[in-house]
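Numbering of ligands and ligand atoms starts at 1, following listing order.
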Amino acid sequence: MVGVLINRANLSSAKRIVIKIGSSTLTHKTGKLNFSKIENLARQIADLVNQGKEVILVSSGAIAVGVARLGLSERPKTIPGKQAAAAVGQGILMHTYEKIFADYGQIVAQILLTKADAVDRKRYTNCKNTFMALLAQGVIPIVNENDVVAVDEIKIGDNDTLSAIVASIVDADVLIILSDIAGLYTANPQVDPDAELVAEVTDITIEIEKSAGGAGSTVGTGGMATKIQAAKIAVNSGISMLIASGEQKDIIAKLMQGEDLGTIFLPKETKLQFRKRWLAFGARLKGKIIVDQGCEKALIERGSSLLSAGIVSVEAKFDIGATVPIYNVFGREIARGLVNFNSQELEMIKGLKSSEVEKLLGHKAYEEVIHRDNMVILV
Ligand code: GLU
């Protein structure tokens, strides 16, 4: 659904959904897991998967649960202390999810990420491939930051931001952030009785950023400020984002039916428009792919993806995920896009039919050298 903007009216058509659940939603005030809430959320997620949707869950709670299991009176202040708590808590979290989701016939998988997985192209692509392989098998990936190894400088730092990064890695249609806050308010509802819930945001203005303030609750890392940061990442990737209360029963199902709950942040451009603009003007180019006239025609006139068969030659070295310009045989740049193979592999498979590629490389992660959605035509 890369070409469609998701809003409340068509939310039920969203296919790939990232749901972030915060520590305060998963745990009691004691820091111990709130099983009835987790059960309710898991049942709703399982229902979405049974409807044919793909769901990725971003779950906090490792540190909070670890702190409770270790019997500590408060969250550790030192990095090793937090890491130790996360190492204990992450196992408990996954054990709980595995058990509860299994009751609803679902398979879960653990994915722990650090900042490097988001900024390094190669790791980003590897990570994306793993997500895709899991989703293709109907598995629910459960993501958290790899707190055990991530110290401050390599940390994303909060799971609101992490969930937006995940949404952009997997090309989600919508990101739903569930927390103890029902959405974005015009003022702080805890101190201002006139504060009103904002149903829809189309522009994240400086006023909104200012009013979001700092972190709110004591168990998680995120307050409204990190949620606004997350919204900026999401909408700038063409992904709609919702903030709603994880306290409300059946909240996910209600949101998916388009009920007017929480706050929705709407992107201005679809994922496709955004990506194409970025490809055309924002990306750093690497190498060159030269295609024959048949292929040129297919790309320009028929809107095809770039396949190995049409490639005449490959220039310079580039990695998987690089943005590579496509030239015709007369030396004119006709398109550019993100490659699914590196230059050495392309050197081997140029001119070959897709069916021959797997035989030669021993693997074939992709049918297309550059998928249509990751390509912009320049002529
Ligand atoms: N990764 C942290 C944890 O699982 C949570 C970070 C956050 O709450 O934003 O405990």
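- Surrounding CD of Glu347 are more than 12 heavy atoms belonging to other residues, nucleotides or ligands, all under 6.0 Å away.
- Backbone and side-chain nitrogen or oxygen atoms of Asp158 are examined, and none is located within less than 3.5 angstrom of a nitrogen or oxygen of ligand 1.
- Salt-bridge check for Lys20 with Asp160: passed, with a basic side-chain N closer than 4.0 Å to an acidic carboxylate O.
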Just do the side-chain contact (heavy atoms from CB on, under 4.5 Å) check on His28 and Phe35 with the steps written out, would you?
CA-CA 9 Å; His28 291 288; Phe35 290 114; over 6 Å; no
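- By the 4.0 Å N-to-carboxylate-O rule, Glu247 lies close enough to Lys37 to be salt-bridged with it.
- Using a 4.0 Å cut-off to heavy atoms of Ser60, the atoms of ligand 1 that qualify are 4 (O), 5 (C), 7 (C), 8 (O).
- Residue-ligand proximity: Gly61 is placed with a non-hydrogen atom under 4.0 Å from ligand 1.
- Residue Asn144 touches ligand 1 through its side chain alone, judged by heavy-atom distances below 4.0 Å.
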Just distance, no hydrogens or angles: give the donor-acceptor pairs under 3.5 Å from side chains in residues 302-320, sequence neighbours left out.
from	atom 1	to	atom 2	distance (Å)
Ser304	OG	Ala298	O	3.1
Ser305	OG	Arg372	N	2.9
Ser308	OG	Leu352	O	2.7

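- Using a 4.0 Å cut-off between charged side-chain N and carboxylate O, Lys232 and Glu209 make a salt bridge.
- An N or O contact shorter than 3.5 Å is missing between Gly157 and ligand 1 by distance.
- Which of Asp160, Asn159, Val58 comes nearest to atom 9 (O) of ligand 1 through a heavy atom is settled by distance: it is Asn159.
- Near Asp147, meaning under 4.0 Å from any of its heavy atoms, are these atoms of ligand 1: 1 (N), 2 (C), 3 (C), 4 (O).
- In terms of N/O distances under 3.5 Å, ligand 1 is not approached by Ala64.
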